[in-house]
Amino acid sequence: MSSENDNITNLNSENDNSPKAETKDFIRTIIDQHNKSGRFDNVVHTRFPPEPNGYLHIGHAKAICISFGIAEEYGGVTNLRFDDTNPTKEDTKYADAIMEDIKWLGFNWEERLFHASDYFDQLYDWAVLLIKKGVAFVDDLSAEEMREYRGTLTGAGKESPHRSRSVEENLELFEKMKNGDFPDGAKTLRAKIDMASGNMNMRDPVMYRIMRATHHRTGDKWCMYPTYDWAHGQSDSIEKITHSLCDLSFEDHRPLYDWFLDQLDVHHPQQSEFARLNINYTITSKRKLRQLVEQNFVDGWDDPRMPTLSGLRRRGYTPKAVKTFIAKLGVSKKRDTIADIALLEHGLRDELNASSERRMAVLAPLKVVITNYPDGQIEEFDAVNNPESEAAGSRKVFFSKEIYIEQTDFVEVAPNRKYFRLAIGKEVRLKHTYYITCDEAIKDDDGNIVELRCTYDPESKGGSTPDGRKVRGTLHWVSTHDAVDAEVRLYAHLFTKESPDEDDDFLEHVNPDSLELLTDCKVEPSLKDLKKGGSCQFLRHGYFCVDSKNSTNGKIVFNRSVTLKDSWAKMKKS
RNA sequence: UGGGGCGUCGUCAAGCGGUAAGACACUAGCCUUUGACGCUAGCAUUCGUAGGUUCGAAUCCUGCCGCCCCAGCCA
């Protein structure tokens, strides 16, 4: 055989695979190894196991992208399983919201919707089996006592005095627990493992606790419920999951899950743990997000400032931008990393730049009268919808003698040669139409500028002149005769501190200026046609979407999804 | 005097014994009817640290140092 052929083969395969192969994260590397060894017959079957006790946030999106995304990549499937082992905290409404969010991200569990509660009977039988094997026992210790017996991080615990009950007695007691013969909290079923283990999870963990609560799915069938630790691994096993992907906090639990699975001698998934997602200037803690909602720092779980998926959706984020962001971050085991929210914003800008039509909107209007423009004349101009996409076509905009420009686009005296906007005696271009020069600023009694008097150059029609003179500044504008009133909400980071999460008083770092409400905005008439949730770029401002909740036929409300980059603002600062 | 993890640019992150990818951010400039977009250039002589092995180490060995998680009948 010629070595030349071999070389060609190798080169080709390198060209095909090397970019991906070089950047494979540790989870994909493990899966590759399994596929090589045939451990799971080349099957990749994952699951996403949320507890239906709150809304999904961007941290969950990472877990979703990993579990659903990796399975997809390897031609496998993913189950959605609600780990509903604590009825006091869970509710169907959360389950519904969770499903909506996963679908929004573009993932599909098809017919594989499961619940840990589907397995309560099986779990009970297995618990009986462990009792019979002599590796589980009914304990009478109270919660406080159990804590004392558990020992400390550095010192071994003590065995419960009830640990040596006979199998028969345990069986009888456990049956009574199920039948409701004991009050809440009176007894527990515990695994008999090792009270001296360095791993706290192995110090005779609780498998069942008595808790009279109506379960959102099983109703009042049970008065005791399995703990997460007892239910989770077995649920994965029952579903024949091959790769259980979860966050680092479950690393310590893996030995326990393995222990249960070994005792039961059932299918053994491979659990791999990755670092959770943290992002600066926000928080990804369900508990803390709930506080923001309950203490009215925000408008609800879907407030556009929230890092929840429903909040991001309402803010105008796209599933693609969220997924791209997560993919760019990668997967690792580094725990204390904090991703830069600028990367998330960049992804959105990047996508919307290519896809959003441009419109003109004046957020803080200043009236301009063009003194040499004929009274009552209305001129029609073509305005390109998206310079990045010819297919987006163009629309008509209508120019008149009176228009609005942005208050921030005018100063009486230009501060320096780098200033391109309007000032007295300065000429600027009005996007798509004419050059105007400011002659005079009209002020009210308090000295506030209330109106500008300008003249236009008829030669500049369309935005350039025969003499070819350079006009650096281009302003957006809206004509007073057809301007549409709108409310615009500008959002900034929810927190003023990069890592608000690092201390307990995170509420002190809530940004008081995270929402700026502008109620007197004037926008292009074509904006009336934008549907709820629809996005566009406001020229020179950023990307905005029509608020899906508070917009009405009479009043359009826009949410700023993300600003445009602003090198002028940066220049002014320095 | 416990157990489990992690330490590569401001941030995230490749690299797996052959002489530090990429992205974001940042800086400088070009372009521009969005001070947007785009383009060009710059941005870790060094991989927590100290030794050792080697012709050669971020990659192997040893010792230190630092950070994080675990003591719910939460998940």
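Naming: A, B, ... by sequence-line order, numbering from 1 per chain.
Here, B/U49 and B/G38 have their C1' atoms 45 Å apart, quoted to the whole Å. Only the P atoms considered, B/U11 is 14 Å distant from B/G7, to the nearest whole Å. Annotation: B/G4 and B/C37 have their C1' atoms spaced 48 Å apart (nearest Å). Using atom C1' as the reference point in both B/C73 and B/C65, the two lie 40 Å apart (nearest Å). If you take atom P in B/A36 and the same atom in B/C31, they sit 13 Å apart, rounded to whole Å. B/C67 and B/U8: their P atoms are spaced 15 Å apart (whole Å). Distance check on atom C1': B/A28 versus B/C64 gives 43 Å, rounded to whole Å. B/A44 and B/G5: their C1' atoms are spaced 26 Å apart (whole Å).
A/K89 comes within contact range of the sugar-phosphate backbone alone, with a heavy-atom separation under 4.0 Å but no base atom that close. Using a 4.0 Å heavy-atom criterion, one finds that A/H253 contacts the bases of the nucleic acid, with or without backbone contacts as well. Using a 4.0 Å heavy-atom criterion, one finds that A/D252 contacts the bases of the nucleic acid, with or without backbone contacts as well. If you check every strand for non-hydrogen atoms under 4.0 Å, A/L248 touches nothing. At the heavy-atom level, A/S332 lies under 4.0 Å from the strands shown only through sugar-phosphate atoms. Among the protein residues, A/M202 comes within range of no part of the nucleic acid, since none of its heavy atoms lies under 4.0 Å from any strand. In this structure, A/P387 reaches the bases: a heavy-atom distance under 4.0 Å links it to at least one base atom across the strands shown.
Taking only side-chain atoms of A/L153, from C-beta outward, the nucleotide of B/G38, B/C70, B/A36 with the closest atom is B/C70. Of the candidates B/A71, B/C26, B/A75, the closest approach to any side-chain atom of A/K570 belongs to B/C26. Of the listed nucleotides (B/A71, B/G5, B/U34), B/U34 has the atom at the smallest distance from the side chain of A/K431. Closest contact between the side chain of A/T337 and the listed nucleotides B/G3, B/C12, B/A75 involves B/C12.
Using a cutoff of 4.0 Å between basic side-chain nitrogens and carboxylate oxygens, A/D139 and A/K187 are not scored as salt-bridged. A/R254 and A/D252 are not joined by a salt bridge, as no carboxylate oxygen comes within less than 4.0 angstrom of a charged side-chain nitrogen. For A/D204 and A/R163, the salt-bridge test passes: some basic side-chain N is under 4.0 Å from an acidic carboxylate O. A/R217 has no carboxylate O lying under 4.0 Å from a charged side-chain N of A/E90, or vice versa, which leaves the two without a salt bridge.
Using cut-offs of 30° and 60° on the angle between ring planes, the pair A/F495 and A/F506 is tilted. Ring orientation note: the planes of A/Y257 and A/H232 are tilted relative to one another, at an angle of 30° to 60°. Between A/Y124 and A/W222, the angle of the ring planes lies from 30° to 60°, which puts this pair in the tilted group. Using cut-offs of 30° and 60° on the angle between ring planes, the pair A/F544 and A/F538 is parallel.
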Collect all protein-nucleotide pairs involving nucleotides 58-60 of chain B in which both atoms are nitrogen or oxygen and the distance is under 3.5 Å.
none

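The interatomic distance linking A/R335 (CZ) with B/G4 (P) rounds to 14 Å, in whole Å. When the C1' atom of B/U11 is taken as reference, atom CG of A/L344 falls 14 Å away, rounded to whole Å.
Stacking of A/R165 on the aromatic ring of A/F137 is not recorded, the 6.0 Å distance cut-off and the 45° axial limit not both being met.
Between the side chain of A/R472 and the base of B/G35, no donor-acceptor pair under 3.5 Å is found. If you check distances only, the side chain of A/H541 never reaches the base of B/A36 with a donor-acceptor pair under 3.5 Å. Side-chain to base pairing of A/D566 with B/G35: no donor and acceptor N or O lie closer than 3.5 Å to each other.
Pairing for B/C39 is with B/G29, a Watson-Crick or G-U wobble pair whose two hydrogen-bonding atom distances lie under 3.5 Å.
Residue A/H346 places at least one side-chain N or O under 4.0 Å from the OP1 or OP2 atom of B/C24.
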